[in-house]
There are 2 protein chains.
Amino acid sequence: MNKEQVTARYRTPDGLPVDIAIFTITSHAKPGSYKMLADRKLEVLLVRRSARSSAFPGQWALPGGFSSESETLAEAAYRELQEETNIGADVHIEQVKTVYYPGRDPRGWMPSVLYCALVNEDRLRAISPDTDADEAKLFELDEALRLNLAFDHKELLNDALTFIQTKMMTTTIAKEFLPRTFTIRELYQVIQTVVPDFQEDIANFKRNLLTTKTRQGLIREAIGSDGEPLTTDRNSNRPAQLYEFADYEPRISIYNSGMF
Amino acid sequence: MNKEQVTARYRTPDGLPVDIAIFTITSHAKPGSYKMLADRKLEVLLVRRSARSSAFPGQWALPGGFSSESETLAEAAYRELQEETNIGADVHIEQVKTVYYPGRDPRGWMPSVLYCALVNEDRLRAISPDTDADEAKLFELDEALRLNLAFDHKELLNDALTFIQTKMMTTTIAKEFLPRTFTIRELYQVIQTVVPDFQEDIANFKRNLLTTKTRQGLIREAIGSDGEPLTTDRNSNRPAQLYEFADYEPRISIYNSGMF
DNA sequence: CTAATAGTGTCTGTGAGACATTATTGA
DNA sequence: TCAATAATGTCTCACAGACACTATTAG
């Protein structure tokens with residue numbers, strides 16, 4: 001096909017929707033007279049479609065909307081995020097994939113560019129159902145996947161999940177779910193929350209992370225303004241050392257265990 | 001924005017182009033009286049835009065075209081591949097990303113869904129310039145990136161390159177560039193051709209690949225119909241053992257050197 | 001013989017995994 | 001003191017990296 005014979009001769013899409021899977025990890029403190037590690041759960045934000053919708057009325061769906069000619073796709077995703085939450089700037093947003101196949105949307109030729117956002121729970125205090133009449137709610141992931149979601153959003157949600165699971169193991173995005181400084185155990189919990197398959201002795205996890213040559217520069221001890229190492233007692237009575245991610249994205253390989 | 005108020009109220013894109021970066025690795029035998037390893041080069045297929053094009057006439061570009069309502073995006077990419085080459089079915093195609101920002105195409109609101117294809121040189125014997133008048137040519141990657149490509153195709157090509165480099169190290173796509181059975185050295189060359197940073201003693205590379213527990217099941221010895229191991233002398237006078245990929249995609253992590 | 005690649009062997013230091021043990025805090 | 005998490009220690013085996021060395025083939 002020749003790119004020159006464009007709009008005149010060919011039908012054009014009916015829009016270019018952008019959908020976004022907004023993930024967060026919530027921690028629920030366990031009751032008890034002693035301080036214990038919080039339960040962490042991976043949750044995703046869904047919105048309920050209006051009862052008057054022409055397609056999938058009343059069903060839960062990923063937040064989304066149409067991108068416009070005057071904005072980038074990431075800007076459109078960001079705008080959707082803003083409309084459903086009250087999160088400010090510098091949120092981590094990544095494009096997952098773009099889908100289209102005939103029949104995926106009863107309203108016509110509707111591709112969808114899928115984004116995902118990783119949001120720290122601290123920044124998701126109030127989910128503002130906003131001016132829109134639509135309802136927005138965080139669901140635990142399993143629950144969300146059991147719902148009868150609108151469109152092909154169940155597949156999209158699964159794709160987004162696989163995407164962040166891969167990223168969780170191969171990049172430092174765990175930091176998006178953590179405060180700037182965190183304990184080793186918190187990091188470990190976040191990884192396990194997103195990737196339940198990840199099972200490892202925490203003592204070894206810690207040693208491998210901190211004392212291993214190939215992982216030098218990944219995280220470092222958090223140092224306070226007084227030059228002393230920072231600690232926290234938010235997870236236990238005994239204070240724990242705080243760490244922070246350094247600016248290093250390791251490159252890994254299946255061919256030589258470790259980095260290259 | 002509400003998804004219901006669609007085509008009537010909003011401007012729609014002028015098309016949904018799909019562009020495709022078709023990569024191949026060519027081997028060029030070195031002259032000499034002894035058998036030597038071939039030089040391998042990563043190359044990409046570009047097409048020259050017609051001199052009568054309204055946009056970027058005469059410049060080189062990634063092959064691409066408009067997807068239609070009746071096909072998936074991957075089908076559109078595959079169709080483009082077919083139009084520029086004579087490659088049959090089961091070609092490895094992957095979606096890289098989708099881009100749009102105002103002004104990226106002088107013809108209007110044109111996003112682009114970028115795919116990449118990895119093609120074994122054996123299957124790319126004749127690049128059929130086809131019925132189209134447009135010229136198609138393989139370029140070495142460095143050369144392609146030095147050209148003044150049409151649109152934002154230099155960025156797209158860079159994105160596609162980064163994409164396959166990551167995939168080369170973290171998945172078994174090396175097989176797309178290799179015959180079904182290959183020598184360890186050929187695998188090593190393919191990896192290095194795509195990712196020049198990958199430098200490792202080949203003796204260790206081989207041992208790590210073959211004798212290491214965490215990489216069991218990645219490749220295996222190729223066995224002939226007579227039950228004997230297969231060898232080849234295509235790279236040297238001394239025959240070398242042939243291997244093949246098993247069906248195993250390892251999962252790797254930055255947190256614990258190796259698989260999980 | 002030679003020139004090339006294929007393949008083996010060896011040694012050392014580091015890391016992974018499986019534990020067991022001790023330390024520290026608030027209630 | 002107790003209940004919880006934090007932190008350290010120890011032992012073994014696997015593995016990565018460096019390197020030297022031998023083997024095989026066609027010409």
Side-chain angles (χ1 to χ4, degrees), chain A residues 27 29-40 181-189 192 198-216 218 221-222 229-243 250 252-260, chain B residues 27 29-40 181-189 192 198-216 218 221-222 229-243 250 252-260:
Chain A
S27 19
K30 277 184 275 192
S33 52
Y34 293 95
K35 271 192 194 171
M36 297 171 63
L37 289 170
D39 266 347
R40 289 176 198 267
T181 63
F182 51 86
T183 68
I184 298 293
R185 187 116 193 190
E186 286 166 348
L187 171 58
Y188 180 74
Q189 274 196 315
Q192 283 200 330
F198 183 79
Q199 294 293 348
E200 184 164 7
D201 181 303
I202 184 136
N204 290 335
F205 174 76
K206 184 177 189 171
R207 189 164 35 73
N208 294 165
L209 207 51
L210 296 174
T211 70
T212 254
K213 272 186 191 167
T214 54
R215 277 180 283 282
Q216 287 299 345
L218 192 56
E221 285 193 348
L230 292 174
T231 60
T232 183
D233 63 353
R234 63 189 171 227
N235 297 313
S236 65
N237 289 325
R238 174 169 178 179
Q241 173 67 48
L242 284 167
Y243 295 84
I252 55 182
S253 145
I254 59 173
Y255 294 109
N256 63 352
S257 174
M259 324 300 170
F260 67 96
Chain B
S27 20
K30 277 183 276 192
S33 52
Y34 292 95
K35 271 192 195 172
M36 297 170 64
L37 288 169
D39 266 346
R40 288 176 199 267
T181 62
F182 51 86
T183 67
I184 297 294
R185 187 117 196 188
E186 285 166 349
L187 171 58
Y188 180 74
Q189 273 195 316
Q192 283 200 328
F198 183 79
Q199 294 293 348
E200 185 165 7
D201 181 303
I202 185 136
N204 290 333
F205 175 76
K206 184 177 190 171
R207 188 165 34 73
N208 295 164
L209 207 51
L210 296 174
T211 70
T212 256
K213 272 186 190 165
T214 54
R215 277 178 284 283
Q216 287 298 345
L218 193 56
E221 286 194 349
L230 292 174
T231 59
T232 183
D233 62 353
R234 64 190 170 225
N235 297 313
S236 65
N237 289 325
R238 173 168 175 180
Q241 174 68 48
L242 284 167
Y243 294 85
I252 54 182
S253 143
I254 59 172
Y255 295 109
N256 63 353
S257 173
M259 324 299 169
F260 67 98

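Please read all numbers here as calculations on a predicted model, not as lab measurements. Note on naming: letters A, B, ... go to the chains in the order of the sequence lines (proteins, then strands), and numbering restarts at 1 for each one.
For A:Asn204 and C:dA18, a side-chain-to-base donor-acceptor distance below 3.5 Å is present, hydrogens and geometry of angles not being considered.
Nearest to the side-chain atoms of A:Leu37 among the listed nucleotides C:dA6, D:dT8, D:dT5 stands D:dT5. Distances from the side chain of B:Arg185 to the nucleotides D:dA7, C:dG17, C:dT5 place C:dT5 closest. Listed nucleotides: C:dA16, D:dT24, D:dA16. Nearest to the side chain of B:Pro239: D:dT24. Side-chain proximity of B:Tyr34 to C:dA6, D:dC2, D:dA26: nearest is D:dA26. Closest approach to the B:Gln241 side chain among C:dT5, C:dG7, C:dA16 is made by C:dG7 (side chain taken as heavy atoms from C-beta onward).
For B:Asn237, no side-chain nitrogen or oxygen approaches OP1 or OP2 of C:dT5 to under 4.0 Å. Close to D:dA3, at under 4.0 Å from its OP1 or OP2, lies no side-chain N or O of A:Lys35. Taking 4.0 angstrom as the limit, A:Arg234 places none of its side-chain polar atoms (N or O) nearer than this to OP1 or OP2 of C:dT25. An OP1 or OP2 oxygen of D:dC15 is reached within less than 4.0 angstrom by no side-chain nitrogen or oxygen of B:Lys213. Dashed line: the shortest gap from a side-chain N or O of A:Thr212 to OP1 or OP2 of C:dA16 is under 4.0 Å. OP1 and OP2 of D:dA16 both lie 4.0 Å or more from every side-chain N or O belonging to B:Arg207. Checking the phosphate oxygens (OP1, OP2) of D:dT22, no side-chain nitrogen or oxygen of B:Arg238 falls inside 4.0 Å.
For A:Leu210 and D:dA6, the CG to P distance is 13 Å, given to the nearest whole Å. In this structure, NZ of A:Lys206 is placed 13 Å from C1' of D:dG9, rounded to the nearest angstrom. Rounded to whole Å, atom P of D:dC15 lies 14 Å from atom CD of B:Glu200. For the pair B:Phe182 CZ and C:dA6 P, the interatomic distance rounds to 14 Å; values are reported in whole Å. Rounding to whole angstrom units, CE of residue A:Met36 and P of C:dT24 are separated by 23 Å. Distance, A:Gln199 CD to C:dG17 P: 13 Å, rounded to whole Å. Nucleotide D:dA7 holds its C1' atom 16 Å from the CG atom of A:Asp233, rounded to whole Å. Between the CD1 atom of A:Ile184 and the P atom of D:dT8 there is a distance of 11 Å, given to the nearest Å.
Aromatic ring orientation, B:Tyr255 versus A:Phe198: perpendicular (interplanar angle above 60°, classes split at 30° and 60°).
Distance check: B:Tyr188 OH to B:Gln199 CD gives 5.5 Å after rounding to the nearest 0.5 Å.
A:Thr212 places no side-chain N or O within 3.5 Å of a backbone atom of A:Thr214 that could act as its donor or acceptor partner. Listed for the B:Lys206 side chain is no donor-acceptor partner under 3.5 Å among the backbone atoms of B:Ile184.
Residue B:Asp201 is in base contact, counting any heavy-atom pair closer than 4.0 Å across all strands shown.
Proximity of B:Thr181 to B:Thr232: side-chain heavy atoms (C-beta onward) are nowhere separated by under 4.5 Å. For the pair A:Leu242 and A:Thr183, the minimum side-chain heavy-atom distance is below 4.5 Å.
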